[in-house]
Amino acid sequence: MEQSWPLFLKAMSDAPRKSFPFDEFEPRWQVEWEKTRAFRTPNPGDADFDASKPKYYVLDMFPYPSGNGLHVGHPEGYTATDIIGRYKRMNGFNVLHPMGWDAFGLPAEQYAIKTGQHPRTTTERNVANFTAQLKRLGFAYDWDREVNTTDPGYFKWTQWIFLKLYNSYVGDDGKAHPISELEAKGLSREEIDAKRLAYVSSAPVNWCPELGTVLANEEVVDGKSEVGGFPVERRPMRQWMLRITAYAQRLIDELDGLDWPESIKLLQRNWIGRSEGAHVTFKVGESDVTVFTTRPDTLFGATYMVLAPEHPLLAQITTADQLAAVEAYQKSVASKSDLERTELAKEKSGVFTGAYAINPVNEEKIPIWIADYVLMGYGTGAIMAVPAHDERDFEFAKKFELPIKQVVQPPEGKDWQGFTDDGVAVNSGFLDGLTTPEAKKKIAAWLEEKGLGRGTTNYKLRDWLFSRQRYWGEPFPIVWEDGNHRSIPESELPLLPPDLDDFKPTGTPEPPLSKATDWVNYSATAKRELNTMPQWAGSCWYYLRYCDAKNPNRFISEEAERYWMGGGKPGGVDLYVGGTEHAVLHLLYARFWHKVLFDLGYVSTPEPFQRLVNQGLILGEDGQKMSKSRGNVINPDDVVAEYGADALRLYEMFMGPLEQVKPWSMNGVEGVYRFLARVWRLVMEQNQEGEWSLSSVLADVPPDKKLNKALHETIKKCGEDIEKLSFNTAISQMMVCTNAFTAAEKKPIAAVCTFLRVLSPFAPHLAEELNDRLRAAYPQFAAKGSIAHEPWPQFDPEALIVDEVEVVIQVNGKLRDKLTVPAGIAKDEMEKLALASPRAQEFIAGLTVRKVIVVPGKLVNIVAN
RNA sequence: GCCGGCAUGGCGGAAUGGUAGACGCAACGGACUUAAAAUCCGUUGGGGAGCGAUCCCCGUGCGGGUUCGAGUCCCGCUGCCGGUACCA
């Protein structure tokens, strides 16, 4: 007997008995929901569409279906939106809550290169895996609206939108117009091509030899590719660009009407990087060089000029004796990768060109240098250097012993050398004595009058490099003939990529599509564009496609767009939840496309996303970022297997505020699991054999006053907290309520059923299962169909009213006594009781009462000294 | 450097300017059990006084301030986390 115990214990620990049979009923409900299409959302025009209901569009950032499957970060945002969506449905909204796949992208292609498997095969497999994982979590998605960016029925419209960009330009009104307007005006092909929103450029780009593609600036991190961390070098190549800079100002201004976190708005504003300044033109021999400066007031202090090493005028102005040095410098900069350039950036470098410019304000001859601290891509690629009042110029001037001339007087006690803030102009002729803002205004007017310059606004934002030398992306609906590009007819969309066996990069900038020799030839004389679109393309408009996912005739019907994206606010999507990693790129690109579609009349709102919420990162149990190398990764599948989907959902919401960074804790999962088990045992009891049946302490009785109050407080607080996305406090309130139920000897059935409805958005399987079991015995109380389609319960204000309240008595702000008084007690009555309190008396003895503050029903503070 | 965010028990966290620490975890004690698991009940910020019911003092990163009253508002720091980097 004694020897058999350890064996027995071992068996127990290997297969611990579940506290409630979630493993049995969770999959059953998932099948049931799928079978009955429980969360299908009818569209305007459908027979069962109810136009009288308000809409609520709640959106998750759709995932890239990676081979690793879901991580615990995914269900965090997804559960939050699921709760909101279910709650809104219970409150009478038509809820659009869809899911899809951002399935083009480099990892599948690299896997294809390694294994020879077609990216479509791996993508399909990964999507199937993700789908199964998501379905195991019980999300109320309308799977009929699933979209996949790699589906020809989807990317047909991605290509279509590209053609809209290609065939549009931004007019003087700052809005997109069809290019046909320019044709009507008789502009030449060159003039038109120079205005398109999608245009061809051969500016230097970020070329990544390892990946065999160019990358957008945003995809280069620390001079290395964001994907894979490979070196990136700059080289000029012919590329497709999108003219997002034409929308820079609107992308800043129209943030104002959005309910986004201020920090994200700021991030976007900084990324766009508006700065006010002036263009100033300097004479260089026979030519002109224009510089951009934000400090035109310091023009008198310009002691030299710096051009970017790529500046086109260099060939012309460099003197013979400096030519070798300049060319050597240009070469050294060009061959340097961005990484090397930034690594060496601590030390300024540059070369004198031998040329001089004339400072227009005082006719002074100043030397022209080239240096890589001046970037060709910003402003005019040329600066006037004012070393006295610019840190970078100051450093450069010190290193190369260039003159430093004070033109701004700082406030008392500050050194003028390297002073970059506002002050008073000195040594500046007609500007002397003016404050910096005044001087800026005056010099701008002066420059304009003399025709030497004018006030300008500049943006850091660059045009969006839109082409990639990849296979696994949308092909461009463009062909080339006689060196000119033109669009293919819309009727030829979708343009499918060719089938390739070999996905390897060519090792040259020639894209892999060049290997499809038949496909390449559009006609005897025209060849197809070989680049593909970046992964961002598909995610720029997917939220629109969800509204009308299967429409073969239009990217979204007007009716569906007006209903789901309407609502009288600037943004159409009511709530968008996702990670901060997309704070600039995805959100900026999507806003840009949306504005173009808005200008052209294809959508009815200027912004895509009205309310944005960023979920916080989930850290490992060690408080570190989850990573394979640290071995602290939590797999949601394991959690579901051990504790169930409801427990995972609930735990992710109970961890803390949605937007906060927070560490995982398996003990915490146990905690919410125990809570769910307590709810289960409110309704169910277990016999000796371990079989569950309806609890014998359930009774058709009204709840006592205390329990009823707890219940109605829970209805009220949970509703309010869901609206605020404060799920953690909503759950704690449900725990309080459950504890109140547990304390009751008889469990009142009606109250239990009401509680289950409140619980149902959080733990839908458990709520559904218990409701189902209750219905068999008590059909008059339980929901008739799915509990998900029940209305959210109304709380009874009467139930919240209490007869007596506890008030606090303070003396000089310190808690000294507590009294229980009738709820509606008058102020002066409270004051009298407080002053009469023996404990208060003790503390005010010998003091003079100066003042008594009474907060009705809450506290009395006696001020005495 | 610059820009954001955060800072409350042993831990995750809760607190319209009004009883700091709800709720959960962990820990401890008890009930049930031959024993254990599970479950249920109770205690649990620190220090001190008392046989005890109780009571006092201190306490929300640090230093000031506003207020009858500050975790919460204002000013000045410190630390950690995230983003960004020659943008003229």
Side-chain angles (χ1 to χ4, degrees), chain A residues 1-2 5 8-9 12-13 16-19 221-222 261-264 266-267 269-271 273 275 277 291-295 298 306 341-342 345-346 348 371-375 377-386 390-393 395-396 420 458-462 580-581 583-584 616-617 619 623 625 651 654-657 659-672 674-675 677-678 681 686 726 728-736 738-739 742-743 806-818 839 842 850-855 858-864:
Chain A
M1 176 101 178
E2 262 178 48
W5 277 9
F8 174 64
L9 286 173
M12 288 295 280
S13 70
R17 188 192 275 176
K18 310 269 195 259
S19 298
V221 178
D222 292 335
E262 272 313 310
S263 60
I264 300 295
L266 194 66
L267 228 49
R269 288 197 189 100
N270 289 345
W271 189 267
S275 55
V291 303
F292 173 72
T293 177
T294 54
R295 294 295 301 272
T298 62
V306 186
R341 237 170 112 157
T342 44
K346 280 154 198 116
K348 290 270 182 294
D372 63 0
Y373 83 90
V374 173
L375 311 170
Y378 183 75
T380 60
I383 62 158
M384 62 178 212
V386 184
D390 181 282
E391 265 175 56
R392 297 147 299 179
D393 298 345
E395 248 179 76
F396 191 84
T420 57
N458 213 356
Y459 300 91
K460 270 200 283 189
L461 183 71
R462 315 288 168 82
T580 337
E581 64 272 22
V584 267
L617 194 68
L619 305 173
K625 217 175 194 158
Y651 174 64
F654 188 62
M655 292 173 83
E659 301 184 65
Q660 202 164 297
V661 179
K662 42 210 178 283
W664 187 269
S665 156
M666 267 314 177
N667 283 329
V669 181
E670 287 259 6
V672 293
R674 280 205 281 262
F675 161 66
R678 280 163 73 97
R681 287 195 310 268
Q686 196 169 25
S726 299
N728 55 333
T729 49
I731 292 166
S732 91
Q733 180 61 39
M734 288 190 287
M735 289 171 167
V736 171
T738 305
N739 293 345
T742 307
E806 190 181 51
V807 299
V808 170
I809 295 170
Q810 298 181 337
V811 177
N812 290 329
K814 290 201 176 192
L815 172 69
R816 293 306 181 193
D817 203 1
K818 293 175 186 179
R839 296 268 310 123
E842 228 174 276
R850 300 285 174 198
K851 204 171 173 186
V852 179
I853 285 128
V854 181
V855 180
K858 276 243 151 153
L859 71 79
V860 181
N861 188 11
I862 301 164
V863 186

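Computed from a predicted structure; not experimentally measured. In what follows, every chain begins at residue 1, and chains take the letters A, B, ... in the order their sequences are listed. Side-chain atoms are counted along with the backbone in the values below, which use heavy atoms only and exclude waters and symmetry mates.
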**OP:** Tell me, with the steps shown, if A/Ile862 and A/Asn812 meet side-chain contact (heavy atoms from CB on, under 4.5 Å).
**Re:** CA-CA 6 Å; A/Ile862 301 164; A/Asn812 290 329; over 6 Å; no
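- The neighbour count for A/Glu391 CD, taken as heavy atoms of other residues, nucleotides or ligands under 6.0 Å away, does not exceed 12.
- Taking for each of A/Gln733 and A/Lys625 the nucleotide of RNA chain B with the nearest heavy atom, the 5'-most of the two is the partner of A/Gln733.
- Using a 4.0 Å cut-off, some side-chain N or O of A/Lys851 falls inside it from OP1 or OP2 of B/C68.
- Counting to the nearest Å, the P atom of B/C86 and the OH atom of A/Tyr373 are 13 Å from each other.
- Between B/G42 and B/C23, the distance separating the two P atoms is 11 Å to the nearest Å.
- Remark: B/G29 base-pairs with B/C41; criterion is Watson-Crick or G-U wobble with both hydrogen-bond distances under 3.5 Å.
- Nearest nucleotide to the A/Phe292 side chain, out of B/G24, B/U19, B/A88: B/A88.
- When heavy atoms are screened at a 4.0 angstrom cut-off, A/Asn861 is found touching base atoms of the nucleic acid.
- The side chain of A/Arg816 sits closest to B/C57 out of B/C23, B/C57, B/U19.
- Relative orientation of the A/Phe396 and A/Tyr373 rings is tilted, given thresholds of 30° and 60° on the angle between their planes.
- For B/C86 and B/C2, the C1' atoms lie 13 Å apart once the distance is rounded to whole Å.
- Here the separation of B/G69 from B/C58, taken at their P atoms, is 15 Å to the nearest Å.
- Nucleotide B/A35: unpaired (no Watson-Crick or G-U wobble partner with both distances less than 3.5 Å).
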Pairwise N/O distances under 3.5 Å, protein to nucleotides 26-31 of chain B:
from  : atom 1 : to       : atom 2 : distance (Å)
B/A26 : OP2    : A/Arg674 : NH2    : 3.1

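- Counting any heavy atom pair closer than 4.0 Å across all strands shown, A/Thr580 reaches no nucleic acid atom.
- Heavy atoms of A/Asn739 sit under 4.0 angstrom from primed sugar atoms or phosphate atoms, though from no base atom.
- A distance of about 7 Å separates the P atoms of B/G61 and B/G9, rounded to the whole Å.
- At least one side-chain heavy atom of A/Leu619 sits under 4.5 Å from a side-chain heavy atom of A/Leu617.
- Within 4.0 Å of A/Leu266, counting heavy atoms only, lie sugar-phosphate atoms of the nucleic acid but no base atom.
- When heavy atoms are screened at a 4.0 angstrom cut-off, A/Val736 is found touching the sugar-phosphate backbone but no base atom.
- Rounded to the nearest Å, the gap between the P atom of B/A37 and that of B/U44 is 24 Å.
- Within the 4.0 angstrom heavy-atom criterion, only backbone atoms of the sugar-phosphate kind lie near A/Lys814; the bases stay farther away.
- OP1 or OP2 of B/C3 has not a single side-chain nitrogen or oxygen of A/Arg269 nearer than 4.0 Å.
- Within 4.0 Å of A/Lys858, counting heavy atoms only, lie sugar-phosphate atoms of the nucleic acid but no base atom.
- In terms of phosphate contacts, A/Ser665 brings no side-chain nitrogen or oxygen within less than 4.0 Å of OP1 or OP2 of B/C11.
- A sub-4.0 Å separation between OP1 or OP2 of B/G13 and a side-chain N or O of A/Gln660 is present.
- More than 90° away from 0 lies the glycosidic angle of B/G69, which makes this nucleotide anti.
- Under the Watson-Crick or G-U wobble criterion, with both distances below 3.5 Å, B/G17 is left unpaired in every strand shown.
- In this structure, A/Val808 reaches the bases: a heavy-atom distance under 4.0 Å links it to at least one base atom across the strands shown.
- Minimum atom distance to the side chain of A/Ile853 is reached by B/G18, of the listed B/G18, B/U19, B/G13.
- Annotation: B/U8 and B/U72 have their P atoms spaced 13 Å apart (nearest Å).
- In terms of modelled atom types and a separation under 3.5 Å, the side chain of A/Asp390 and the main chain of A/Asp393 share a donor-acceptor contact.
- At the phosphate of B/A38, neither OP1 nor OP2 sits under 4.0 Å from any side-chain N or O atom of A/Arg681.
- With rounding to the nearest 0.5 angstrom, the OH atom of A/Tyr459 is 10.5 Å from the OH atom of A/Tyr378.
- Pair check for B/U78 finds B/A7; Watson-Crick or G-U wobble, both atom distances under 3.5 Å.
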